[in-house]
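Some notes on the structure that comes next.
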Amino acid sequence: MIERVRAILVTADDTMLVIRRTRPGIPEYWVLPGGGVEPDDAFREAALHREIHEEIAGKADVIRLLHTMESDDERQHFYLARIASWSFEDRTGPEFSARPRGPGGRLRCNLFDRL
């Protein structure tokens, strides 16, 4: 079963940080920061910290697990977290390479106003 982690990231201004994903041939869509748990990750929260660092060069304080959603082949864990700092310019994940998951794809991060 594929394990994934996602973060509902709340800033000091009580805004929520989300990612707008653009891929060729499909409409833009929004995702919460996160991704797959890798074999090197000691535990799920470690995977979440790694993903937050890769996607937004951020450091978050995980508050708690909010929800787990499961399908036949995938389990996603949604965490509530506070984020104090991030840098869109310093992201390191594979989505930010020259050709992320196909030509023309890209990620943009946005802050939603009030929760």
Side-chain angles (χ1 to χ4, degrees):
M1 177 169 290
I2 298 169
E3 295 274 334
R4 298 191 187 284
V5 291
R6 298 275 174 210
I8 298 168
L9 293 176
V10 180
T11 71
D13 295 333
D14 287 331
T15 57
M16 184 173 73
L17 196 148
V18 295
I19 295 173
R20 181 171 41 187
R21 192 177 291 259
T22 305
R23 289 189 175 160
I26 61 173
E28 283 186 342
Y29 60 98
W30 299 87
V31 296
L32 296 171
V37 177
E38 296 179 359
D40 294 352
D41 296 322
F43 47 93
R44 288 190 306 259
E45 286 187 19
L48 187 62
H49 286 289
R50 177 184 48 74
E51 288 286 346
I52 290 169
H53 177 74
E54 287 176 3
E55 292 182 356
I56 60 172
K59 201 169 193 175
D61 293 320
V62 176
I63 297 170
R64 69 182 183 97
L65 177 66
L66 288 177
H67 183 70
T68 299
M69 187 170 64
E70 192 169 318
S71 65
D72 291 337
D73 60 348
E74 183 176 88
R75 183 180 300 132
Q76 291 198 58
H77 306 276
F78 295 85
Y79 290 86
L80 176 62
R82 282 268 180 200
I83 188 156
S85 64
W86 63 90
S87 171
F88 299 146
E89 293 78 32
D90 295 325
R91 300 176 286 191
T92 62
E95 295 90 346
F96 307 104
S97 64
R99 297 181 63 113
R101 296 184 184 177
R106 65 179 190 239
L107 296 179
R108 289 180 281 179
C109 295
N110 291 76
L111 295 175
F112 277 125
D113 286 335
R114 297 283 165 198
L115 295 177

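- At a threshold of 4.5 Å between side-chain heavy atoms, the hydrophobic network of Ile, Leu, Val, Met, Phe, Trp and Tyr places M1 and F43 in two separate groups.
- For the salt bridge (Lys or Arg N to Asp or Glu O under 4.0 Å) condition, the pairs that include at least one residue of residues 39-48, sequence neighbours left out, are D41-R50.
- Residues L32 and I19 have side chains not in contact (no heavy-atom distance under 4.5 Å, counting atoms from C-beta outward).
- A side-chain hydrogen bond (donor to acceptor under 3.5 Å, both in side chains) check over residues 60-70, counting only residues at least two apart or in different chains, returns the pairs T68-H77, E70-R75.
- Side-chain contact check for R20 versus V31: every heavy-atom pair is 4.5 Å or farther apart.
- The nearest pair of heavy atoms linking R82 to T11 is NH1-O, 2.8 Å.
- From L48, atom CG reaches atom OH of Y79 across 7.0 Å, with rounding to the nearest 0.5 Å.
- Considering all non-hydrogen atoms of both residues, V62 and A81 come closest at CA-CB, 3.9 Å.
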Hey, mind stepping through I8 and M16 against side chain to side chain contact (heavy atoms under 4.5 Å, CB included) and telling me if it holds? CA-CA 7 Å; I8 298 168; M16 184 173 73; 3.7 Å; yes

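- Between V18 and P33 the shortest heavy-atom distance is CA-CD, 4.4 Å.
- Here the CG-CD1 distance, from L17 to I52, works out to 9.5 Å after rounding to the nearest 0.5 Å.
- I83 and G58 make their closest contact through CD1-CA, 4.1 Å (heavy atoms, listed as atom of the first residue, atom of the second, distance).
- When each of E74, E51, Q76 is paired with R4, the side-chain hydrogen bond (donor to acceptor under 3.5 Å, both in side chains) condition holds for E74 and for no other.
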